[in-house]
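Everything on this sheet refers to the single structure shown next.
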Amino acid sequence: MTRPLGSCRKDIARAAAASALVVICAQVLGAAQALTLVPGGSRVLPFKEMRRVVLVDPAVADVVVASRSELVVFGKTVGVTKLYVWDARGRHEYAINVQGRPSTTLLVRRLNDLLPACLTVRALDEKTILLTGICASTMERERALEIAKKVAGDVRVVDVIGVVGDELTPAERVAAQLKLLFGPNYEYLVWGEKTVIVRGPMSPDTMQDLTKITEGLGGECKVVLVRAPYAGAAPPVMEIADAVGRDYKVWALPNGTVVVEGEAQSQAALDRVKGILGAFSDRAVIVNLVSLAPPRRVSAAACAELLTAALGEAFTVRVVGEDAIAIEGTVPTEDAYKKIADLTSVVAKDVRVINLVHVSAPEKRRVVIHVKVVDLNRDDLKRYGVDWGQIAGGEFRDQPIIFQLERVRNNVYPLGNLLHALEQENRAKILAEPNLVVNDGEEASVMVGGEIPIPIVQPGGAGGGGGFAAITIEYKPFGVNLRVKPEITETGLVKTKVEPEVSTVDYTKAVSYSGFLIPGLATRKASTTVTLAPGSTLVIAGLIREDEYVAVKQIPLLAKLPMIGELFRKRETSRVKTELVIFLSPEILAEGAEQVQAEK
């Protein structure tokens, strides 16, 4: 199929134009540096002694010369443009491509970085941002607005920026800015320092914009919207005043608008006023200036009076300074102390409380420890078949042996009969048999024995020559020392810590010093903690001592002959092993039983 010559020529011309455009674009892109931005985005470009800046399309992007060495480029709307910069190194060319949707979140982040710290940027919606704060000078304010508008592009900038030294209140600054934004068709009434009343025939979009601006101010200033003046009969001022009550002030403006002002003491009271005014909204235009009153602060004197009445005469409540109170007293338990603390936190929450209430030591339960310390002959125990190791639990154990015997007839009583028999034959010696009454968790001790004098030489003479000036005597105790610490558990058992110690004078370990013979002490001790049932017996055995005795028999006169005297002497050596056995039985005293125990 053949095509007309004219059509072929047109195709050839289009192709040639496209090729030329491609060549031109390639040349341009090859000579220019690509710079991609988003609406509201920016880049800082470094240069050396800038002399001249040319931006082809300021509607797409804009620039701000920060210094001779830095240029800030802002993206405004979607599109492309060119930027030329001349500096000491020559000409620089940039192809700027602004793409994407403008983001107020990005704008806010970028402006908070670029603007002075005294200014705050907030996003009202996708098309509006709000600038608030106080600048040091008018020049600083204008410079900040210039940067904000260039960065924002087509996003609307609402500023209520003040200048140090100006006479405008926050409400006056907001009113002036609203007048610039919405024009003179509305009435802008400044009420106090932080309230602006906007009045006029508002469209829904205008009311929505004003509401967003009010929310963006974050409580810094309140904007009250009045859509139109009431054109009917006289406003119901007296009716509204009777409905809300005497705590609020109600009056009418010359244009018929009713103003209600006051402080509600609670959120419920504030909601009540709003509901009442809503019922009159069809009869008058009402400006509600009622706010929630700050919480009342109760004085220290009033708190002290309330606490005195609540706690009673057992506690003393004093006012300390202007905003503090001190509470003194005593409670028996931790629970009572916690109740006092909870009461003060509720009654005296507006003042500082110095809590001097302390918990007295509660009356503790008492335990009587029945103790018997017996010194037995080891051979007699074996002769009667007593083997502590077998009783201790199935296999032989190293001494000392510690175990528990329950008070049953087949166990403790036969052992008690055996001890009684040995005592009658003078083969058992009862060293101590005390009954110790001790508080729960506290320690009791008993010492049966004596003290031996030990000479202590004190160095240093009267002349300071380092000689010995005097000898003092220090007494060292010996005998049976028993320390017991019972604790009553929650299950009614007695956790008992026992530390027995037996020491005797041993002249075989004596030391001679400066003419003094200082004996040694042979010590036997043990330590254990056992949980016992009241009435059961703890036996501590195995504290063994071995003594060696030498008896010499001789024929008088003949035994003293030299050389042959040993033939008329006879030495007999005997070894005696004794074992200290401690029987310990705890008993929990009932309340009021201390006197009975003492009489026993």
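Position 1 is the first residue of the sequence, and the numbers go up from there.
Inter-residue side-chain proximity for Val357 and Val331 is flagged as met; some heavy-atom pair is nearer than 4.5 Å. Counting heavy atoms from C-beta outward, Ile327 and Leu356 have side chains that stay 4.5 Å or more apart. In this structure, the side chains of Glu499 and Lys497 come closer than 4.5 Å at one or more pairs of heavy atoms. Inter-residue side-chain proximity for Pro46 and Glu70 is flagged as unmet; no heavy-atom pair is nearer than 4.5 Å. Side-chain contact between Val438 and Arg366 is absent, with no heavy-atom pair separated by less than 4.5 Å. Here the side chains of Tyr475 and Ile454 are not in contact, with every heavy-atom distance at 4.5 Å or above. The side-chain heavy atoms of Glu261 and Val290, taken from C-beta on, include no pair separated by under 4.5 Å.
Under a 4.0 Å N-O distance rule, the pair Arg318/Glu328 qualifies as a salt bridge. In summary, Arg109 and Asp113 do not engage in a salt bridge, as defined by a charged side-chain N under 4.0 Å from a carboxylate O. Lys372 and Glu433 are joined by a salt bridge, as a carboxylate oxygen and a charged side-chain nitrogen come within less than 4.0 angstrom of each other. In summary, Lys485 and Glu443 do not engage in a salt bridge, as defined by a charged side-chain N under 4.0 Å from a carboxylate O.
Residue Asp440 holds its CG atom at 4.0 Å from CD1 of Ile488, rounded to the nearest 0.5 Å. In this structure, the separation between CG on Leu130 and CD1 on Ile161 is 9.0 Å, given to the nearest 0.5 Å. Within the model, atoms CD1 of Ile340 and CG of Asn355 stand 8.0 Å from one another, a figure rounded to the nearest 0.5 Å. Taking OG1 of Thr531 as the reference point, atom CD of Glu487 lies at 9.5 Å (rounded to 0.5 Å). In this structure, OG on Ser445 lies 8.0 Å from CG on Leu436, to the nearest 0.5 angstrom. Note that CD1 of Ile518 and CD1 of Ile452 are 9.5 Å apart. Values are rounded to the nearest 0.5 Å.
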- Would you check, one step at a time, whether the test side-chain contact (heavy atoms from CB on, under 4.5 Å) holds for Val351 with Ile325? CA-CA 7 Å; Val351 299; Ile325 59 174; 4.3 Å; yes

- Message: Could you go through Ile129 and Leu111, starting from their C-alpha distance and side-chain angles, then the distance that decides it, and tell me whether this counts as side-chain contact (heavy atoms from CB on, under 4.5 Å)?
- Response: CA-CA 10 Å; Ile129 59 174; Leu111 287 175; 3.5 Å; yes

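Listed for the Ser503 side chain is no donor-acceptor partner under 3.5 Å among the backbone atoms of Ala522. Using modelled atom types, no side-chain atom of Glu305 and backbone atom of Ala301 make a donor-acceptor pair closer than 3.5 Å. Here the side chain of Thr308 pairs no donor or acceptor atom with the backbone of Val317 at under 3.5 angstrom.
When every heavy atom of Gln267 is checked against every heavy atom of Leu292, the shortest pair comes out as N-CD1, 3.6 Å.
Screening Val446, Leu482, Ile369 for a side-chain contact (heavy atoms from CB on, under 4.5 Å) with Pro434, the sole residue that qualifies is Val446.
Around atom CD of Glu313, no more than 12 heavy atoms belonging to other residues, nucleotides or ligands sit under 6.0 Å away.
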